[in-house]
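Data block below; observations after.
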Amino acid sequence: MLRNALDFMRANVRFFAIVIVATAVLPALAPAAIASLLEVVASSAVLFLIYRRLLRQASLNPFSPGAGITPAELFGFVWRDLVIVAMSVAIPILLLLAVTLVDLTNVNVSIALIYGGTVLLELSAVWGIAYFGTWLPAYVYGQNPTFRAARKRGQASFGSLAWRFTLLSLAVFAIGFALGQIDGPLGLSDATWLYWLVIIPITGAINWFVSVYIAVALCQVYLTLEKIV
């Protein structure tokens, strides 16, 4: 799965370079009220293209003949994606909110709880994707796309996907933490040109690699369990 994800990104370097720049620039140019929504929709549109390409149904180029995305298709993919994420992170978010409402006198304990809650949030998200995630390739491919079928596939595949997604999530969290520790003393974010030429490409490449790896894994599991050749 790791090699397949790397090969997929290497074969589509230009596409992902454009995506990294676009997903960084568009929210910055949009009004603050809709910036987050725009980022979610744009990312979901890219994910939809990735899943279709992995399932050999269309080109990554949305402007090529027959590769366009209709609003109905995009809406169906986005709301399924959001439902999976919402179910996965509901409990950790409530715990984080509870921590922020508790008046703790020990600052170190508060920081530890917040970091621990953040890690739990990340892990819960990938565990939810490992369990329910085949709902997405099933929707894109069109065979057995019900939520109930996704749950059954999740019961069969959770063990093999969860540990992979857990290690990946912890590695990304560690890299992000390390970048934050480096950024603080060196003030990398204060140098605008360095921020756009170094920080944005690195974080964008890492985030999209995670998305591609998860998509590759879910597509492979879906095709295997549905016995699609």
Side-chain angles (χ1 to χ4, degrees), residues 1-55 57-64 67-69 73-74 77-78 80-82 84-85 89 118 121-122 125-126 129 133 136-137 140 164-165 167-184 186-219:
M1 293 180 186
L2 181 63
R3 178 177 294 180
N4 290 340
L6 289 171
D7 289 343
F8 185 84
M9 293 195 73
R10 275 198 297 263
N12 301 280
V13 171
R14 190 189 321 179
F15 172 80
F16 283 104
I18 295 172
V19 166
I20 290 170
V21 173
T23 52
V25 172
L26 287 178
L29 297 177
I34 63 170
S36 296
L37 177 62
L38 180 61
E39 186 175 6
V40 169
V41 172
S43 298
S44 292
V46 174
L47 280 177
F48 187 48
L49 290 172
I50 290 171
Y51 276 95
R52 290 203 306 176
R53 179 57 182 165
L54 288 171
L55 296 168
Q57 290 187 311
S59 169
L60 274 174
N61 180 6
F63 303 106
S64 63
I69 301 175
E73 287 177 316
L74 180 58
F77 188 89
V78 170
R80 283 169 174 80
D81 193 17
L82 292 178
I84 292 172
V85 173
V89 303
T118 304
L121 184 67
E122 293 289 335
V126 295
I129 293 171
L136 298 178
V140 174
R164 291 182 171 87
F165 292 177
L167 291 178
L168 184 64
S169 180
L170 291 175
V172 171
F173 184 84
I175 292 172
F177 181 79
L179 287 174
Q181 297 303 305
I182 295 172
D183 182 22
L186 298 180
L188 299 179
S189 297
D190 297 332
T192 304
W193 66 271
L194 193 60
Y195 176 75
W196 283 99
L197 293 179
V198 178
I199 301 298
I200 289 295
I202 290 176
T203 55
I206 291 173
N207 290 334
W208 280 109
F209 170 75
V210 171
S211 297
V212 170
Y213 180 88
I214 290 174
V216 167
L218 292 176
C219 286

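- Contact annotation: the side chain of L136 approaches that of I84 to within less than 4.5 Å [non-hydrogen atoms, C-beta and beyond].
- For R80, the CZ atom sits in a packed shell: over 12 heavy atoms of surrounding residues, nucleotides or ligands are nearer than 6.0 Å.
- The OG1 atom of T203 sits 11.0 Å away from the CD1 atom of I175 when rounded to the nearest 0.5 Å.
- Between I129 and L218 the shortest side-chain heavy-atom distance falls below 4.5 Å.
- The shortest distance between side-chain heavy atoms of D81 and L47 falls below 4.5 Å.
- Note that CE of M9 and CH2 of W208 are 9.0 Å apart. Values are rounded to the nearest 0.5 Å.
- Annotation: side chain of L168 is in contact with side chain of F209 (closest heavy-atom distance under 4.5 Å).
- If you take CG on L54 and CG on L60, they are separated by 8.0 Å, rounding to the nearest 0.5 Å.
- Using bins of under 30°, 30° to 60° and over 60° for the plane-to-plane angle, the ring pair F77/F48 lands in the tilted bin.
- At least one side-chain heavy atom of F8 sits under 4.5 Å from a side-chain heavy atom of F16.
- Separating the OH atom in Y213 from the CG atom in L6 is a distance of 10.0 Å, to the nearest 0.5 Å.
- Applying the side-chain hydrogen bond (donor to acceptor under 3.5 Å, both in side chains) definition to pairs two or more places apart or across chains, those involving residues 4-15 are D7-R10.
- Atom CD1 of I50 is separated from atom OG of S44 by 10.5 Å, given to the nearest 0.5 angstrom.
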